[in-house]
Enquirer: 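Provided herewith is a single structure, encoded as structure tokens, for subsequent inquiry.
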Amino acid sequence: MPCGCDDHCDTQQSLIAVDTALDLLLNKAGVVTETETIELIDAGGRILAEDVCSTIQVPPLDNSAMDGYAVRSANFSAAGETSCIISQRICAGEVGTELAPNSVARIFTGAPIPEGADAVIMQERCKVNDNYMVSSGPITVGANIRKAGEDIAIGDTILKTGDRLKPQDLGLAASVGIHKLSVYRRLRVGIFFTGDELQEPGTPLKAGQIYNSNRYTLRGLLDNLNCEIIDLGIVGDTLEATRNAMSEAAKKTDLVMTSGGVSVGEEDYIRIALEELGQLEMWHINIKPGKPFTFGHIANTPFLGMPGNPVSVFATFCIFAHPYILKKQGANHTQNNSFMVPAAFDWLKEESRCEYLRAKLETNASGQKVVNLYPHQGSGVLTSTSWANGLVVIPPNIVVNKGNPVEFIPFSELECNH
Ligand code: AMP
Ligand code: MG
């Protein structure tokens, strides 16, 4: 059996590769099927449960792309200046009348193009004498006109089932007049935090205690995913307390998540309780930090047991829990997007586990985007996660020299924006 410790032990014996672990999790992530119809204004970050089609065209009418004059381009075909009478004035929200021959219409951005006009001349290119507009041609037919339906045609699918709704998606739905959307219901997640040493902020620490920082990290991360949280708080290090909390948390929830107690120490009861109440399906991943990350089921409720170390909680959430929860919520896109960027550091110690280093994407003195590491990469150094704006992935047994491209996962991937 591999050692359960998170930071130091490098034995690879029966460790599960990160990709294998993620595939297993995603394969087992049953999607919540219930849906609800909610107000568009409340739908940010929710997962769409049906395709959204437009029943109107956008824009609804040909309209002016700028402040200027709506003209018949034929009047301005000759080189040199042409003078035309200004026969009407059309503001956004109004509809003009057919353009009289040899006349132009004063028009403002967004106002419908009057019948007979086929171009708009921007006001900067026009002079006005009394009630006449003077400008020079030639003018291209269609210049400065936004065509009806050029963004969205009637019947277009504008959003798809499984889209995680971004602010701009809400705007898009609003632009076709939709005010309610059908989304998957929120995932109910039961959480608790094991450890006799834990205390909540707001109460002074007694000797030997530490604050329950994992609670705040985990809740923030779950909030970002719009989860409904059932928080059982701190649970002591006994088998009975762990077992009771597990059964309680699994009631009426879609997922239970915990921190701590997943190693092989005598005070680590999660694995034993899980095996009593359900089944352990995955334990010991080839990842640093986060090796003791655990997956299983409490009766029929899935369970993700994260290690106690605060950085391990954050990293394993990013790598495993985030895509897993998105999949359960019905999202199409679950993968963390990453990109390659030159390292501004040397990483010369070969490590048999896949490492997720706290890193910051920066611009160096030559204006090049590079990625730097926080100097202390211990799994208890929560400062590193706060300082960083992403994770650098170092595959097993790889060394990195300054300038080598490395994979970078920005923390923006964890927010409600994709
Ligand atoms: P464990 O996995 O329970 O052995 O915990 C590993 C390390 O993480 C220990 O140093 C714990 O004190 C620490 N730890 C466990 N739970 C928390 C928590 N909720 N908040 C902060 N640190 C924790
Ligand atoms: Mg513990």
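All ligand and atom numbering here is 1-based and tracks the order in the structure. Atom set for the values below is all heavy atoms of this structure, side chains included, hydrogens, waters and symmetry mates excluded.
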Enquirer: Are there any protein N or O atoms under 3.5 Å from the N or O atoms of ligand 1? List them with distances, or say none.
Expert:
{"residue": "ligand 1", "atom": "2 (O)", "partner": "G308", "partner atom": "N", "Å": "3.2"}
{"residue": "ligand 1", "atom": "3 (O)", "partner": "G261", "partner atom": "N", "Å": "2.9"}
{"residue": "ligand 1", "atom": "8 (O)", "partner": "G308", "partner atom": "O", "Å": "3.2"}
{"residue": "ligand 1", "atom": "8 (O)", "partner": "N309", "partner atom": "N", "Å": "3.2"}
{"residue": "ligand 1", "atom": "12 (O)", "partner": "E197", "partner atom": "OE2", "Å": "2.5"}
{"residue": "ligand 1", "atom": "14 (N)", "partner": "G308", "partner atom": "O", "Å": "3.3"}
{"residue": "ligand 1", "atom": "19 (N)", "partner": "N212", "partner atom": "OD1", "Å": "2.7"}
{"residue": "ligand 1", "atom": "19 (N)", "partner": "N214", "partner atom": "ND2", "Å": "3.3"}
{"residue": "ligand 1", "atom": "20 (N)", "partner": "S213", "partner atom": "N", "Å": "3.2"}
{"residue": "ligand 1", "atom": "20 (N)", "partner": "N214", "partner atom": "N", "Å": "3.3"}

Enquirer: Side-chain donor-acceptor pair under 3.5 Å between E407 and S338, yes or no?
Expert: yes
Enquirer: Could you work out, with ring pair (Phe, Tyr, Trp, His ring centres under 6.0 Å) as the rule, every residue matching F339, not counting sequence neighbours?
Expert: F408
Enquirer: Hey, does V392 have a side-chain heavy atom less than 4.5 Å from the side chain of W347?
Expert: no
Enquirer: Can you list the steps and then say if R146 with N63 is a side-chain hydrogen bond (donor to acceptor under 3.5 Å, both in side chains)?
Expert: CA-CA 5 Å; R146 302 189 288 216; N63 68 92; 2.9 Å; yes
Enquirer: What distance do L165 atom CG and N226 atom CG have between them, rounded to the nearest 0.5 Å?
Expert: 10.0 Å
Enquirer: Is it true that atom CG of N300 has more than 12 heavy atoms of other residues, nucleotides or ligands lying nearer than 6.0 Å?
Expert: no
